Amino acid sequence: MSISLIGIFGPKKDYLTTKGIIIDIVESYDATDDSNSYTPIINYSINGIEYKNVEYGAYNSSMNIGDEVLVYYEADNPAHIQAEGFEKVPFVVLGVSIISIIILIIMFIKK
């Protein structure tokens, strides 16, 4: 069970939602940049099937063990999940692109 990366244009499939419970938050150290990272581990169930010890993939410092999180899953493969917030990625990329283009146009016009 894993979380896939989102492409620039968002997910290729429709996702359904369910609730998951954080059962652990795993801390790992990265010597390359001398920092710690955290990965929530969740349990969730779909149609009576339990999915346990799944990496959630999206961590923020307000998360605690026992918290409920929104989980997006593929209808035809419920073991394949996305963390809450993934659906906003295409809009963020689009927004940054538009702002960059506007800045380039302004810089070109000023020359």
Side-chain angles (χ1 to χ4, degrees):
M1 291 180 261
S2 65
I3 295 179
S4 71
L5 297 174
I6 300 294
I8 288 178
F9 299 105
K12 304 296 184 219
K13 297 184 174 202
D14 290 329
Y15 285 78
L16 303 175
T17 60
T18 191
K19 298 288 183 179
I21 301 292
I22 298 174
I23 60 161
D24 196 8
I25 298 175
V26 177
E27 180 179 7
S28 52
Y29 175 74
D30 184 355
T32 307
D33 61 2
D34 191 32
S35 67
N36 292 333
S37 63
Y38 302 89
T39 304
I41 306 299
I42 66 166
N43 288 348
Y44 65 99
S45 66
I46 298 171
N47 298 326
I49 299 172
E50 296 280 331
Y51 296 87
K52 296 184 176 193
N53 301 312
V54 180
E55 290 186 5
Y56 186 59
Y59 173 78
N60 70 56
S61 59
S62 68
M63 291 179 161
N64 295 299
I65 293 172
D67 285 355
E68 193 174 80
V69 292
L70 186 61
V71 177
Y72 291 80
Y73 66 93
E74 292 180 7
D76 58 343
N77 183 8
H80 186 243
I81 67 169
Q82 299 288 352
E84 182 175 10
F86 84 93
E87 73 283 1
K88 298 173 186 156
V89 170
F91 299 108
V92 171
V93 171
L94 179 62
V96 169
S97 299
I98 289 172
I99 291 170
S100 298
I101 290 170
I102 291 170
I103 290 170
L104 288 172
I105 290 171
I106 291 170
M107 289 173 57
F108 182 75
I109 290 172
K110 286 187 174 184
K111 285 187 177 185

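What you see is a predicted model, and the numbers here were worked out from it, not measured in a lab. The analysis underlying the following values was restricted to heavy atoms, covering all of them including side chains, and did not include hydrogens, waters or symmetry mates.
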Original post:
Sequence neighbours excluded, which residues qualify as side-chain contact (heavy atoms from CB on, under 4.5 Å) partners of Asp33?
Top reply: Asp30, Ser35
Original post:
Say you draw a straight line from OH of Tyr56 to CE of Met63; how long is it, rounded to the nearest 0.5 Å?
Top reply: 5.5 Å
Original post:
Do you know which two heavy atoms are closest between Val71 and Gly20, and how far apart they sit?
Top reply: CG2-N, 3.9 Å
Original post:
In the single-linkage hydrophobic clustering (I, L, V, M, F, W, Y; side-chain heavy atoms under 4.5 Å), do Ile49 and Leu16 co-cluster?
Top reply: yes
Original post:
Shortest non-hydrogen contact from Ile41 to Asn53?
Top reply: CG2-CA, 3.5 Å
Subject >> OG1 on Thr39 to CG on Asp24, rounded to 0.5 Å >> reply: 10.0 Å
Original post:
Hey, quick one: are Ile22 and Tyr38 part of the same hydrophobic cluster, counting side-chain heavy atoms closer than 4.5 Å, chains of contacts allowed?
Top reply: yes
**OP:** State, with a plain yes or no, whether a side-chain heavy atom of Ile81 is found less than 4.5 Å away from one of Ile42.
**Re:** yes
Subject >> Under 3.5 Å donor-acceptor, Asn60 side chain and Ser62 backbone >> reply: yes
Original post:
Does Tyr73 reach the side chain of His80, with side-chain heavy atoms less than 4.5 Å apart?
Top reply: no
**OP:** Give the C-alpha distance, both sets of side-chain angles, the deciding distance and a yes or no for side-chain contact (heavy atoms from CB on, under 4.5 Å) between Val54 and Tyr44.
**Re:** CA-CA 8 Å; Val54 180; Tyr44 65 99; 3.9 Å; yes
**OP:** Answer yes or no: is there a donor N or O on one side and an acceptor on the other, between the side chain of Asp67 and the main chain of Ile21, under 3.5 Å?
**Re:** no
Original post:
Considering residues at least two apart in sequence or located in another chain, which fulfil the side-chain contact (heavy atoms from CB on, under 4.5 Å) criterion with Thr17?
Top reply: Leu70, Tyr72
Subject >> Shared hydrophobic cluster, Val69 / Val26 (ILVMFWY, side-chain heavy atoms < 4.5 Å) >> reply: no
Original post:
Closest heavy-atom contact between Lys52 and Asn43?
Top reply: CA-OD1, 3.0 Å
